[in-house]
Amino acid sequence: MRGSEALAAVPVDEHSIREACNDVLWAKSLPTGRQLDATCEQLAGHVGLLIPEVMGLAARMRTSMRLMAVHCLVRAHQALAVDPGAGRREAYVYDVATCARALLTLLERPGPLGEPVGEDEIEAAVRRRICGGCCGPIEPGEGFEEVVFASEASGGLHGYRHTDSCTVVAAERRALLAVAEEPPEHPSGGASDDAAVGHR
């Protein structure tokens, strides 16, 4: 089991996590084969360790830091839910390394802390699937798929996308753009009449 529940009792080694993230994020080339598999598993384990730690802090954070923490927690939870064998492992290892580094930064520098507020709301937000196409929640019963979104900074980002509503919205927008780009029709003979007026 690689989830945060199974790893919550393991102490967080901040130095090891930072080094593991840097080995991926600053590497000129990634490992291959079994070494890449081991790196994916190691970083996913670090993310699983960090999620409950940051979850506990997020409820005590203030305003923008709280929003940032929830965003990072949602992304990290999604990353752990993805099967790295279902897509390109090179994209996956960048994804979990980025999540681990972001969560580690929040753990080390959480900003001013107060009394815990809205813990249940944070838990619900973290467990929610977000569509990478429309940025809206994927509600129970809605169709979705796991996809790798294009990224200039890495091989791609693993996430979810609606299979129904987003497709409809995209089709409607394409239709509107096609109408807007059509050149206006000139009245019959309009161009020749204008030319004639210019030569009188």
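- For the atom pair L43 CG and Y92 OH, the distance stands at 8.5 Å (nearest 0.5 Å).
- A distance of 11.5 Å separates CD of E14 from CG of L49, quoted to the nearest 0.5 Å.
- Closest of all the heavy-atom pairs between A58 and R66 is O-NH1, 3.4 Å.
- A pairwise comparison of heavy atoms in R62 and L113 identifies NH2-O, 3.8 Å as the closest pair.
- Across R89 and G33, no two heavy atoms sit closer than the pair NH1-O, 3.5 Å.
- When all heavy atoms are compared, the tightest approach of A79 to D95 is CB-OD2, 4.4 Å.
- With a 4.5 Å cut-off on side-chain heavy atoms, H46 and V96 do not count as touching.
- Rounded to the nearest 0.5 Å, atoms CG (L104) and CG (D13) are 10.0 Å apart.
- For E115, the salt bridge (Lys or Arg N to Asp or Glu O under 4.0 Å) test picks out no residue, with sequence neighbours left out.
- T98 places none of its side-chain heavy atoms less than 4.5 Å from the side chain of R101.
- Atom CG of L25 is separated from atom CZ of R18 by 12.5 Å, given to the nearest 0.5 angstrom.
- Within the 4.5 Å cutoff, side-chain heavy atoms of L103 are placed close to those of L73.
- Residue A76 comes nearest to C99 through the heavy atom pair CA-SG, 3.8 Å, listed as atom of the first residue, atom of the second, then distance.
- Side-chain contact between L106 and L57 is absent, with no heavy atoms from C-beta onward closer than 4.5 Å.
- Contact detail for P31 and T39: the closest heavy-atom pair is CG-OG1, 3.8 Å.
- Looking at R60, its side chain does come within 3.5 Å of a backbone N or O of G114 through a donor-acceptor pair.
- The structure places CG of N22 at 12.0 Å from CD1 of I17, a figure rounded to the nearest 0.5 Å.
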